[in-house]
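To keep things clear, I will list the structure first and then write my remarks on it.
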Number of protein chains: 2
Amino acid sequence: MQLQEAQEKFIQSWGTLGSHWGINRTMAQVHALLLISAEPLSAQEIMDALKISSGNANMNIRALIDWGLVFKELKPGERKEFFVAEKDMWEVIRKIIIQRKKKELEPVIKVLNEISTVEENSPEAEEFVRVVQDIRLFAQKADSTLEGLVKSDQKWFVGTFLNMIK
Amino acid sequence: MQLQEAQEKFIQSWGTLGSHWGINRTMAQVHALLLISAEPLSAQEIMDALKISSGNANMNIRALIDWGLVFKELKPGERKEFFVAEKDMWEVIRKIIIQRKKKELEPVIKVLNEISTVEENSPEAEEFVRVVQDIRLFAQKADSTLEGLVKSDQKWFVGTFLNMIK
DNA sequence: TACTACTTTCAAAAGGTTTTGAAAATACAA
DNA sequence: TTGTATTTTCAAAACCTTTTGAAAGTAGTA
């Protein structure tokens, strides 16, 4: 397979994956492009490579920087900004977990805590409390697992993963 | 907090969470409603409770059945169908993993395998192959971990999870 | 068979998200 | 300062997904 074809496939594929993971398709494509680029790219180069507008490029590059998946790089003598991707895959995963934990898991735990105060004075209320407690337990377990993972270094994570599959 | 208010909050919250996890909002709300219902519900009861149309209800109930998160139940003497949710949280997680692994992880691994055959005859090609190999390794690790998890029984999963958080 | 309760389909409408691109803002150079 | 390259903003347009509801289909009942 030719390099260019392979690169395009990779960008497409990463975009599709991203769109299922709370990262919009273009955002994931920009990340993919930067991941496989040996050199930092300017906004203009990203726009040209992916055929997207300046607004779109600007917005998604900034989102990637917010997530900690992309860094701004200034070249001496150049007025324009260049961008590089976080290339360490474990770090990428960590950054995504941090965002999603904050945006999804934590709000749900908050609601579960609130609603578990309901009084158990009817069969429906009993069923409700049982289900909510069960989910709450799992959510808290997931939360502390992810928290540990985020705070841990790579080796611990790799080790745990390997342990899991035996 | 009143039971009804708590139930509504739970359904809302579960819907929001679902929509970030490849399950559409209504589908997640139907699942939430069935989860906290002590009795099987008919399509009509689901439509009334969530204020959704028959088409919408039908479509999402079927999707939930496809995912293995909801089961059809026939009551003797009743013409209409009733539905119950899978209430075991670990089983719910397993079912979701099965679907997402199939729909997302496996296609990506396929592409990664294809494109890693590119020849390393330039700095760009080298960078490309390095990144792809790295991701491929991670993806395969994740795949076998999830596969093990899906095939395992609850206890093993709970145990591993607890081990992870120490 | 015809009736009725219930379920399913699907084209059109609604709703939500993403993208565009012109205009405004910014920042450096002369 | 003025000019120019670059970045940012944002309202409108395009696009994509979900929902509706009427009509068709199905299956039990009489």
Side-chain angles (χ1 to χ4, degrees), chain A residues 11-12 14-34 40-67 70-84 99-100 103-104, chain B residues 11-12 14-34 40-67 70-84 99-100 103-104:
Chain A
I11 291 170
Q12 282 310 313
W14 204 241
T16 304
L17 185 66
S19 70
H20 291 288
W21 277 90
I23 295 173
N24 96 31
R25 206 167 45 109
T26 306
M27 187 171 158
Q29 288 181 342
V30 172
H31 184 238
L33 177 67
L34 291 172
L41 300 180
S42 67
Q44 190 61 57
E45 287 169 317
I46 293 169
M47 286 163 61
D48 294 345
L50 302 178
K51 299 196 174 62
I52 58 175
S53 69
S54 58
N56 199 4
N58 184 267
M59 183 177 161
N60 285 299
I61 292 168
R62 256 184 315 124
L64 284 164
I65 292 174
D66 276 354
W67 281 50
V70 162
F71 309 103
K72 206 175 268 192
E73 203 171 286
L74 296 168
K75 290 193 190 176
E78 292 264 23
R79 184 185 296 185
K80 55 174 169 279
E81 297 170 326
F82 290 82
F83 304 96
V84 287
Q99 294 294 325
R100 303 200 67 189
K103 286 197 203 150
E104 294 160 36
Chain B
I11 291 170
Q12 282 311 312
W14 204 242
T16 305
L17 185 65
S19 71
H20 292 289
W21 278 90
I23 296 175
N24 96 30
R25 207 167 44 108
T26 306
M27 187 172 157
Q29 288 181 343
V30 172
H31 183 238
L33 177 65
L34 291 172
L41 299 181
S42 68
Q44 190 61 56
E45 286 169 317
I46 293 169
M47 286 162 61
D48 293 345
L50 301 178
K51 297 197 174 65
I52 58 174
S53 69
S54 58
N56 198 5
N58 185 267
M59 183 179 162
N60 285 299
I61 291 168
R62 255 182 319 122
L64 284 165
I65 292 174
D66 276 355
W67 281 51
V70 162
F71 309 103
K72 206 175 268 192
E73 205 171 285
L74 296 169
K75 289 194 191 178
E78 292 264 24
R79 185 184 295 187
K80 54 175 169 278
E81 298 171 325
F82 289 81
F83 304 97
V84 286
Q99 293 294 323
R100 304 199 67 189
K103 285 198 203 148
E104 295 161 35

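Throughout, protein chains are lettered first and strands after them, A, B, ... in sequence-line order, and every chain is numbered starting at 1.
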Legend entry - A/W14 side chain near A/L17 side chain, heavy-atom distance below 4.5 Å: yes
Legend entry - Validation row: A/W67, A/H31 side chains within 4.5 angstrom (heavy atoms): no
Legend entry - Within-4.5 Å side-chain heavy-atom neighbours: B/K72 and B/F83: yes
Inset, instruction - Taking side chain to side chain donor-acceptor pair (under 3.5 Å) as the test, write out the residues that go with A/R79, two or more places apart. - result: none
Inset, instruction - Please report the shortest heavy-atom distance between A/A28 and A/G18, naming the atom on each side. - result: CB-CA, 4.0 Å
Under 3.5 Å, which protein N or O atoms sit close to an N or O of nucleotides 28-30 of chain C? Give each pair with its distance.
residue	atom	partner	partner atom	Å
C/dC28	O2	A/R79	NH2	3.2

Inset, instruction - Residues of residues 23-33 of chain A with any non-hydrogen atom less than 4.0 angstrom from an atom of DNA chain C: list those, numerically ordered, please. - result: A/N24, A/T26
Inset, instruction - Examine C/dC6: is either OP1 or OP2 under 4.0 Å from a nitrogen or oxygen in the side chain of B/K80? Give yes or no. - result: yes
Legend entry - DNA chain C contacts among residues 44-54 of chain B, heavy-atom distance under 4.0 Å: B/S54
Legend entry - 4.5 Å side-chain heavy-atom contact, A/Q12 and A/Q29: yes
Inset, instruction - Give the rounded distance in Å between these two atoms: CG of B/N56 and C1' of C/dA13. - result: 14 Å
Legend entry - salt bridge (charged side-chain N to carboxylate O under 4.0 Å, His left out) against B/R100, all qualifying residues, sequence neighbours excluded: B/E104
Inset, instruction - Report the distance from atom CD1 of B/I46 to atom OG of B/S42, rounding to the nearest 0.5 Å. - result: 7.0 Å
Legend entry - Closest approach of B/G15 to B/R25 (non-hydrogen atoms, all atoms of both residues): O-CG, 3.5 Å
Legend entry - A/I11 side chain reached by A/L50 side chain, heavy atoms, under 4.5 Å: yes
Legend entry - From CA spacing to verdict: side-chain contact (heavy atoms from CB on, under 4.5 Å), B/Q44, B/D48: CA-CA 6 Å; B/Q44 190 61 56; B/D48 293 345; 3.2 Å; yes
Legend entry - Heavy-atom check, side chain of B/L34 versus side chain of B/I61, under 4.5 Å: no
Legend entry - Separation of C/dC6 P from B/L74 CG (nearest whole Å): 13 Å
Legend entry - Whole angstrom value for the distance that separates P of C/dA5 from CD of B/E78: 13 Å
Legend entry - Interatomic distance where CG belongs to A/N58 and P belongs to C/dA23 [whole Å]: 18 Å
Inset, instruction - Please examine the side chains of B/D66 and B/R62, heavy atoms only from C-beta on, and report whether any two atoms are closer than 4.5 Å. - result: no
Inset, instruction - Walk along DNA chain D from 5' to 3' and tell me the first and last nucleotide with an atom closer than 4.0 Å to a non-hydrogen atom of chain A. - result: D/dT4 to D/dT9
